[in-house]
Protein chains: 2
Amino acid sequence: MNHHTTDRAAETKITDAQSAALELANLPESTRNDALHAIADAIEANADAILDANERDVAAAEELLAAGEYTQAFVDRLTLSASKLESIAGMVRSVAGQDDPLGRTLAARELDADLELYKVSVPIGVLGAVFESRPDALVQIAALSLKSGNAVVLKGGSEATHSNRILFEIIVEAAADADVPDGWAQLIEAREDVQTLLERDDAVDLLMPRGSSSFVSYVEDNTSIPVLGHTEGVCHVYVDSEADLGMAADVAYDAKVQYPAVCNAVETLLVHESVAEEFLPAMADRYREAGVELRGDERVRDVIDAEAATDADWRTEYGDLILAIRVVDSVADAIDHINTNGSKHTESILTEDQDAAARFMHGIDAASVFHNASTRFADGYRFGLGAEVGISTGKTHARGPVGLEGLTTYKYHLEGDGHLVATYAGEDPRPFTHADFEGEWTPGRLSDREE
Amino acid sequence: MNHHTTDRAAETKITDAQSAALELANLPESTRNDALHAIADAIEANADAILDANERDVAAAEELLAAGEYTQAFVDRLTLSASKLESIAGMVRSVAGQDDPLGRTLAARELDADLELYKVSVPIGVLGAVFESRPDALVQIAALSLKSGNAVVLKGGSEATHSNRILFEIIVEAAADADVPDGWAQLIEAREDVQTLLERDDAVDLLMPRGSSSFVSYVEDNTSIPVLGHTEGVCHVYVDSEADLGMAADVAYDAKVQYPAVCNAVETLLVHESVAEEFLPAMADRYREAGVELRGDERVRDVIDAEAATDADWRTEYGDLILAIRVVDSVADAIDHINTNGSKHTESILTEDQDAAARFMHGIDAASVFHNASTRFADGYRFGLGAEVGISTGKTHARGPVGLEGLTTYKYHLEGDGHLVATYAGEDPRPFTHADFEGEWTPGRLSDREE
């Protein structure tokens, strides 16, 4: 595999990705899918070598775990196993099985006779992905990039260096054997290479940083490349005065306890004052049985035992079995609290009152706003988007869980017959017809139709 | 009008826009449209006062024109007239008449029984617009922002200060009378206020700078807010070996001469070597009659008289009656030249060969790629998007001519009945149904349907 070395300068790698992107954009769907199946097969065929490399990373991490520098959860995320590799290969095949995001005609409009405009989906170009120390992240991002026809520059966590390196080499070799042009994926490893990546606005079209919100902010502050930021989730569940309290208890429990380490877990529970006394005591018992530490405002602490919440608690993503609780006076107060303290990620109202639900869903500025459902549903797989590259808390380009569609942009194709703008300007301008129609752009469409 | 003063600190104005944005997002379509009609009426009713203010700006500009600091074209763009005000008012009414870009259900998917996901269009939030010295730009951007439910912070060119100030005051007063919440539009005037705007990533969701590409680059380099950049257009017309040469001559002429000052005018003409001798001499005569200065490479200068083109010519937006011409050997060479030197704006091929057209349209990385049509069609109005906020040469969020849709984002609304993620995880997970359906999200939709 030594023809895919990883020791060239980052500058060169990024330029190579830029060249490959133009070719990759026009690769037939069958080539991209065949390559994804070849990658899945190669991951399975090389499982032993991958696990050996991963063991080196895990051994190093365990030393730092013993020294108290890493958590067990961190080491767990880093660790691969035979069954985890199976599921990674399965994920790659499921990406291959998704509908082609490219070449879709998103809109078709006749501007005038024989003058037809088509909006066609195309890849973005070159993606830059900087992600955390989960080796499966590298495979997932590379697979989504290839399926969507994008070149990608990958930078994983240094703790996963050996795992990332072998996975990368397996991926590019399998793809090359399946006729994907060389250079479409690039691995950079040094911290200073990230700086190089941020500066290459001439070559990189979209950055996808994943990690802490301070890291994402650092990226946003230090590049002029557009950023699809996957930052923190300070998510809320609001139990309204008209909630079905049994349903509310189940949803509030699921949203916190089912998997507290993820960004779509609830961090603050808001409870309408009229149901606080009825709802909170039993809910608190149930949370405590699951080991959840509770922090509340004064009105919460009048009803249940809880640590006193500080202002910082309302803005904290615990990512752990800790929950802040606040009593509010109205839907409007709940909306205010969320718009002031939330991170625009995922918010849920429990109520049987449709007006209250509507006010909440209209009033909250967040990517996902739910009614009578757990915040944990905010996820590309559960939303039916297939695999996801992340959950965007930004408001432009793509918002919320981002799947393949978020890795595409569009081009306008105009098919004419010698049309001039002068015809539609001046003294006696010809009017446009501007009539939308159902149709797909295909090369030479206009002439085909005329024959 | 003195309750809408423009002398508050920029910080306060931006924060006020942020507060207004949440209210504005939920304003009924009828209120937004009524306000737009009120604005159009107020512009007509206050025409004399607007023209008086504009005269002050024009007088100052004419002094600098006499001193050689401004061009006549600059002063012309700054100058309003009664008929120009009529057409501005008409533009505002046409924005009011467009389909509502908000509250559209872009996708609906059943995740499981009684668990329905809707992707609904919503405003982005707070827009920051920094634009050139055309007073009509302020009205157009304010109208598009209001129609799309966005708050907007406006910064126009200082040469239009008096014109912008009175137009702004008329707009906010008319909108307030039509029940639009105060604060939705803000005018900032000082150069240092632009710096404040760039720093307010806590409040501003999208920046729309218009002007020189160095200005747009400055904005991109000095903010972490997403930027919808409207920069230069280095557009090409390629005359293929299989072109209808009569059609090609008309399109190449229209693309340069019909209005050379705009970004979608052609700057470089590429001609296949096999037709250069037949095509170029008559074409050059026609250009010269229109006053176009020609610059060519050596092979062009073998056939016609032209200045020698330098490397810089291939990358220059002349915005004037100047044209660079190059002879190329193939469609592939034309594509290479354009991908290397172009600005990803608008490119056109003239050919009767559908394969060549397809290669060109697939191979070019640009927002608009045309076949047998003038580059000048790349425009929001001609594309049928209604008024445009600009033409984006970026590749994320919105590309090419940007209309109202580019000023929206989306929210995911999930309607459930107490659904928990735990049900779909663990040992015996319930499968998702993930079935798309045709349907609009309306508040309480799930309960309505069940009744």
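For clarity, every value in this text was computed on a predicted model and none was experimentally measured. A note on names: the letters A, B, ... follow the listed sequences, proteins ahead of strands, and every chain is numbered from 1. For the numbers below, each heavy atom of this structure counts, side chains included, while hydrogens, waters and symmetry mates do not.
Rounded to the nearest 0.5 Å, atoms NE2 (B:His419) and CZ (A:Phe377) are 6.5 Å apart. A distance of 5.0 Å separates NE2 of B:His413 from CE of A:Met361, quoted to the nearest 0.5 Å. Expressed to the nearest 0.5 Å, how far CG of B:Leu414 lies from OG1 of A:Thr346 amounts to 10.0 Å. Here the NE2 atom belonging to B:His397 is positioned 12.5 Å from the CG atom belonging to A:Leu228, to the nearest 0.5 angstrom. B:Ser368 OG to A:Leu117 CG: the interatomic distance, rounded to the nearest 0.5 Å, is 7.5 Å.
When side chains are defined from C-beta on, A:Leu420 does not count as touching B:Gln258, because their heavy atoms never get closer than 4.5 Å.
Looking at B:Arg399, its side chain does come within 3.5 Å of a backbone N or O of A:Tyr410 through a donor-acceptor pair. A:Ser374 contributes no side-chain N or O that, together with a main-chain N or O of B:Val421, makes up a donor-acceptor pair within less than 3.5 Å. Side-chain N or O atoms of A:Asn372 include none that pairs as donor or acceptor with a backbone N or O of B:Gly418 at under 3.5 Å. Side-chain atoms of B:Lys395 do not come within 3.5 Å of backbone N or O of A:Asp205 as any donor-acceptor pair. Looking only at distances, no side-chain donor or acceptor of B:Thr396 sits under 3.5 Å from a matching main-chain atom of A:Pro226.
If you measure heavy-atom distances from A:Phe432 to chain B, the contacts under 4.5 Å come from the side chain alone. Contact of A:Asp436 with chain B is not made at all, since no heavy-atom distance falls under 4.5 Å. Proximity to chain B is limited to the side chain of A:Arg109, based on heavy atoms less than 4.5 angstrom apart. If you measure heavy-atom distances from A:Asn26 to chain B, the contacts under 4.5 Å come from the side chain alone. For B:Asp244, no part lies under 4.5 angstrom from a heavy atom of chain A. Heavy atoms of B:Thr223 lying under 4.5 Å from chain A belong exclusively to its backbone. For A:Tyr381, the parts lying under 4.5 angstrom from a heavy atom of chain B are both the backbone and the side chain. For A:Ala398, the parts sitting under 4.5 Å from any heavy atom of chain B are the backbone and the side chain alike. The contact between A:Ala422 and chain B is made by backbone and side chain atoms together, counting heavy-atom distances below 4.5 Å. Looking at A:Phe383, the atoms closer than 4.5 Å to chain B (heavy atoms on both sides) sit in the backbone and in the side chain alike. With a threshold of 4.5 angstrom between heavy atoms, A:His434 approaches chain B through side-chain atoms but not through N, CA, C or O. Within the 4.5 angstrom heavy-atom criterion, atoms from both the backbone and the side chain of A:Leu385 approach chain B. Proximity to chain B (any heavy atom under 4.5 Å) is restricted, for A:Val122, to the side chain, taken from C-beta onward. For A:Arg359, no part lies near chain B; criterion is any non-hydrogen pair under 4.5 Å.
For B:His362, the ring-ring contact (aromatic ring centres under 6.0 Å, His included) test picks out A:Trp441, with sequence neighbours left out.
Ring centroids of B:Tyr412 and A:Phe370 are separated by 6.0 Å or more, keeping the two rings apart.
Heavy-atom pairs under 4.5 Å with chain B peak, among A:Thr423, A:Thr375, A:Asp254, A:Ile225, at A:Asp254. Note: A:Val251 leads A:Asp201, A:Thr408, A:Val251 in heavy-atom pairs under 4.5 Å with chain B. Here A:Gly384 is the residue among A:Ala255, A:Gly400, A:Gly384 with the most heavy-atom pairs under 4.5 Å with chain B.
A salt bridge is absent between A:Lys411 and B:Glu347; no separation between the charged side-chain nitrogens and carboxylate oxygens falls under 4.0 Å.
The minimum heavy-atom distance between B:Ala373 and A:Gly416, with the atom names listed, is CB-CA, 4.4 Å.
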